[in-house]
Amino acid sequence: MKRKKILALLKTGTPLENLLIKGWVRTRRDSKNFSFIEVNDGSCLKNMQIVVDESLPDYSDLKNLTTGSAVAVWGSLVPSQGGGQKWEVQATKMEIISLAPETFPLQKKRHSDEYLRTIAHLRPRTNKYGAIFRIRSELSWAIHQFFRDRGFRYIHTPVITGSDCEGAGELFRVTTLNPSMPIASNEKIDFSKDFFGKESNLTVSGQLSAEMFALSLGDVYTFGPTFRAENSNTSRHVAEFWMIEPEMAFCDLVGNMDLGEAFIKHLVGFIIENCSEDIDLFARFVDKTLMKTLENIISSEFLRIPYKEAIDILLGSKESFEYALAYGSDLQSEHERYLTEKHFKKPIIVYDYPKTIKPFYMRLNDDDETVGAMDILVPRIGELIGGSQREERLDVLEKRMAESGLSKENYWWYIDSRRYGTVPHSGFGLGFERMLMLVTGVSNIRDVIPFPRTPGNIDF
Ligand code: 4AD
Ligand code: MG
C-alpha cells in the first residue's frame with residue numbers, strides 16, 4: 001500500500017495491519033537487536049520508517065541493504081517510539097526485490113542541481129525532484145479541471161505541421177529524406193519526394209488549429225508539447241516545452257486578459273491547497289519568499305498597461321539594462337522582470353504591442369500601428385502568457401500575411417476560416433514549465449521538466 005493511502009486511511013481510524021509496502025531504501029540504521037529502514041515509495045515526500053527485528057528470518061540479509069535498493073515489507077503500523085515520526089511499520093516479513101550497488105549515485109548528502117541534470121534518469125528519486133514531478137502531475141489535472149468546469153472542450157492539435165504559427169522560423173524539420181543525399185549548394189531540396197510531399201516540421205504552437213475548433217465548438221483548449229529551435233541557452237527556454245492554449249470564439253482582448261488572470265490565480269491557489277507538503281519543501285529550501293510571491297499573485301489585481309506606457313516607464317527608470325530599448329523594440333526578460341518585480345511589484349498585463357514585433361495573426365488596431373496582443377508578466381519569471389485577439393477580417397489578414405512574407409497557398413485553410421462565418425475570437429498560450437517554476441521557486445527551467453531538451457542535449 002502507498003504511504004499516501006496509508007495516511008488517508010489513518011484519518012478514518014481503519015486498523016492498519018498486514019500492510020504490504022514496496023519502495024526504495026533511502027537509509028538504513030542498525031542498532032543492537034533491530035534495524036531501522038527508511039523506505040520511500042514515491043507517493044509523497046516523507047519516507048516510512050520500517051523497524052525490522054532480529055527475530056525475523058533473513059535478518060542477516062539486511063546487512064546488504066544499500067541506499068537505492070528495492071524492498072517489499074509486510075507489517076503493521078504502530079505508534080513510533082522515536083521522535084522523527086508519529087508512526088512506523090513493525091515488519092513481520094521482508095523481501096529484497098533488488099540490491100543497488102554501493103556506487104548508487106544518490107547518497108545521503110545534498111547534490112547540486114547541475115550534477116542531478118547529468119543523472120536525470122535518477123533525480124526523481126530525490127526529495128526535491130520527486131516533489132517537482134508530483135506537483136507537475138497535479139498541476140496538469142488542475143488545468144483540465146479549470147477548463148472543464150468552464151465548459152471548454154479539449155482539442156488534440158497535431159504535433160507535425162506544415163505551418164509556422166509564430167513566423168519566427170525556429171522550426172525542427174520532420175523528414176524521411178535521406179540526410180546524406182548530396183545537394184549542390186544552389187539546388188533546392190525536392191520536398192515533393194518527402195513523406196508529406198512538402199516541408200514539414202514539429203509544431204511551435206497549436207493555436208492555428210485550435211482557432212478552427214473555436215470557430216466550431218466555441219471555447220476550446222489544447223495542452224501539448226511544442227518545439228522551438230531557439231538557440232538560446234537561458235534559464236527560461238527549452239527546445240521542447242508544454243503549452244496550454246485556450247481559444248475563445250466571440251471574445252475580445254479584455255475577455256482574453258480576464259481568462260488569463262483567472263487561470264493563473266486558480267492554478268496557484270490549487271497548488272497551495274492541494275500540494276502543501278511538497279510546496280513546503282520549496283518554501284523552506286529553494287525560495288524563502290515563495291509563499292509571499294504566491295499569495296501576492298492570488299490577492300493582486302493584475303495591472304493592465306499599454307506597451308507604450310511600459311516603454312515610457314522603462315526609459316524613465318534609472319536601471320541599467322543590458323539591452324537598449326526604444327519604442328518598437330521587443331521587451332527582453334530583464335525589462336519584463338523590472339516592470340513586474342521592481343516597478344509594480346505584482347503581475348502585469350502589457351497590451352497593444354507594435355505590429356512589427358508580433359506575428360501575422362494578431363488583430364490590427366485602428367491606429368494601424370499596434371495589434372491586440374497581451375503578455376502576462378509575473379515576478380521571477382517575466383513572460384508567463386503570450387496571447388492576442390485574432391485578426392478575423394479576411395482582407396486585413398491577407399494584407400498582414402503578405403507583409404509578413406507568408407505564402408497564401410500554405411495557409412489557405414486558415415484564410416478560409418475568415419471567409420465562412422468569421423467572428424471575433426481570442427486566445428493565449430501559457431508555458432507549462434514557466435508556471436511550474438513560478439509555483440516551486442525553481443530558477444532553471446531544466447529542473448521542472450523530466451528530460452530537458454536544450455541545444456546540445458538530447459540524452460535520456
Ligand atoms: O508567446 P508565445 O510564443 O505565444 C504563442 O505561441 C501563441 N501562439 C500562443 C497563443 O496565443 N495560443 O508562447 C506562449 C508561452 C510564453 O509566454 C512562454 O510562457 C512559453 O509559451 N514559451 C516557452 N517556454 C519554454 N521554453 C521556450 N522556448 C518557450 N517559448 C515560449
Ligand atoms: Mg511571447
Side-chain angles (χ1 to χ4, degrees), residues 143 147 152 155 157 161 163-172 202-214 219-248 251 253 255-257 259-260 263-264 267 307 330-333 335-337 340 347-351 353-354 357-363 371-378 380-391 414 425-439 442 444-449 452-455 457:
I143 286 162
F147 287 117
F152 283 64
I155 308 295
T157 53
T161 78
S163 51
D164 177 8
C165 173
E166 297 307 294
E170 292 155 340
L171 305 172
F172 284 103
L202 295 177
T203 186
V204 295
S205 157
Q207 178 198 321
L208 303 187
S209 317
E211 280 187 53
M212 302 305 107
F213 278 80
D219 295 341
V220 301
Y221 72 104
T222 75
F223 182 3
T226 47
F227 308 85
R228 296 191 187 176
E230 287 164 291
N231 205 357
S232 52
N233 250 315
T234 81
S235 59
R236 286 173 187 74
H237 292 87
V238 270
E240 175 177 319
F241 62 100
W242 284 62
M243 187 158 44
I244 300 100
E245 297 182 271
E247 191 69 37
M248 295 166 287
C251 178
L253 193 65
N256 203 17
M257 295 183 199
L259 185 78
F263 186 38
I264 292 171
L267 296 183
Y307 164 90
D330 210 355
L331 299 183
Q332 300 296 324
S333 172
H335 306 127
E336 294 171 345
R337 291 188 64 179
T340 168
I348 62 167
I349 309 182
V350 181
Y351 62 93
Y353 284 74
I357 55 170
K358 289 291 184 187
F360 74 97
Y361 55 72
M362 295 190 177
R363 194 177 195 280
V371 287
M374 66 106 186
D375 280 2
I376 304 191
L377 317 179
V378 297
R380 293 193 48 261
I381 307 294
E383 181 190 337
L384 177 61
I385 277 183
S388 63
Q389 182 167 344
R390 319 306 189 189
E391 184 53 77
Y414 187 76
H425 61 289
S426 301
F428 61 78
L430 175 138
F432 187 49
E433 284 74 23
R434 292 196 187 173
M435 188 70 206
L436 277 162
M437 291 171 73
L438 180 70
V439 296
V442 167
N444 196 313
I445 196 164
R446 291 165 179 79
D447 299 334
V448 295
I449 189 162
R453 295 329 187 197
T454 51
N457 293 308

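All ligand and atom numbering here is 1-based and tracks the order in the structure.
- For atom 18 (C) of ligand 1, the closest heavy atom belonging to the protein is R434 NH1, 3.5 Å.
- Using a 4.5 Å heavy-atom cutoff, the side chains of R453 and F227 are not in contact.
- Taking every heavy atom of R390 and a limit of under 4.0 angstrom, the matching atoms of ligand 1 come to 10 (C), 11 (O), 12 (N).
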- [ ] List the steps, then state whether ring-ring contact (aromatic ring centres under 6.0 Å, His included) holds for F147 with Y221.
- [x] CA-CA 8 Å; F147 287 117; Y221 72 104; 4.5 Å; yes
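- The closest approach between M435 and ligand 1 stays at or above 4.0 Å for every heavy atom of the residue.
- For T454 (side chain) and N457 (main-chain N/O), no donor-acceptor pair under 3.5 Å exists by modelled atom type.
- Near I445, meaning under 4.0 Å from one of its heavy atoms, ligand 1 places the atoms 25 (C).
- Considering backbone and side-chain atoms together, G431 places an N or O closer than 3.5 Å to an N or O of ligand 1.
- Heavy-atom distances between S388 and ligand 1 stay at or above 4.0 Å for every pair.
- Within the 2.8 Å limit, E383 places at least one N, O or S atom next to the Mg ion (ligand 2).
- Close contacts between ligand 1 and S205 involve ligand atoms 6 (O), 8 (N) [criterion: under 4.0 Å to a heavy atom].
- The two residues C165 and V204 come nearest to each other via the heavy atoms N-CG2, 3.9 Å.
- Side-chain contact between I244 and F263: present, with at least one pair of heavy atoms (C-beta onward) separated by less than 4.5 Å.
- Residue contacts with ligand 1: E433 is excluded, as none of its non-hydrogen atoms falls under 4.0 Å.
- For the pair I376/F428, no side-chain contact is recorded, criterion being any heavy-atom separation below 4.5 Å from C-beta on.
- Other residues, nucleotides and ligands contribute over 12 non-hydrogen atoms within 6.0 Å of the CZ atom of F360.
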- [ ] Start with the C-alpha gap between E383 and R236, add the side-chain angles, then the distance that decides, and say whether side-chain contact (heavy atoms from CB on, under 4.5 Å) holds.
- [x] CA-CA 10 Å; E383 181 190 337; R236 286 173 187 74; over 6 Å; no
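- Within the 4.0 Å heavy-atom cutoff, Y361 counts among the residues contacting ligand 1.
- The protein non-hydrogen atom at the shortest distance from atom 15 (C) of ligand 1 is G429 O, 3.6 Å.
- Every atom of ligand 1 is numbered from 1 in the order shown, and the set under 4.0 Å from a heavy atom of R236 is 25 (C), 26 (N).
- With a 4.5 Å cut-off on side-chain heavy atoms, N256 and M248 count as touching.
- Heavy atoms of D375 found under 4.0 angstrom from ligand 1: none, in either backbone or side chain.
- Remark: among candidates Q207, M243, R453, the nearest residue to atom 21 (O) of ligand 1 is M243, based on non-hydrogen atoms.
- Using a 4.5 Å heavy-atom cutoff, the side chains of T157 and T203 are not in contact.
- Using a 4.0 Å cut-off between heavy atoms, E247 makes no contact with ligand 1 at all.
- Side-chain contact between V442 and L436 is absent, with no heavy atoms from C-beta onward closer than 4.5 Å.
- Here is the list of ligand 1 atoms found below 4.0 Å of a heavy atom in E230: 27 (C), 28 (N).
- When side chains are defined from C-beta on, S333 does not count as touching T234, because their heavy atoms never get closer than 4.5 Å.
- Atom 6 (O) of ligand 1 has its closest protein heavy atom at R228 NH2, 2.8 Å.
- Of the protein's non-hydrogen atoms, E245 OE2, 2.7 Å is the one closest to atom 12 (N) of ligand 1.
- Given atom 24 (N) of ligand 1, the protein heavy atom at minimum distance is F241 CD1, 3.5 Å.
- Of all the atoms in ligand 1, the ones that sit under 4.0 Å from a non-hydrogen atom of L384 are 17 (O), 19 (O).
- Atom 16 (C) of ligand 1 has its closest protein heavy atom at E383 OE2, 3.3 Å.
- Residue V238 approaches ligand 1 through these ligand atoms, each under 4.0 Å from one of its heavy atoms: 26 (N), 27 (C), 28 (N).
- Note: Y353 and Y307 have tilted aromatic rings, judged against thresholds of 30 and 60 degrees for the angle between ring planes.
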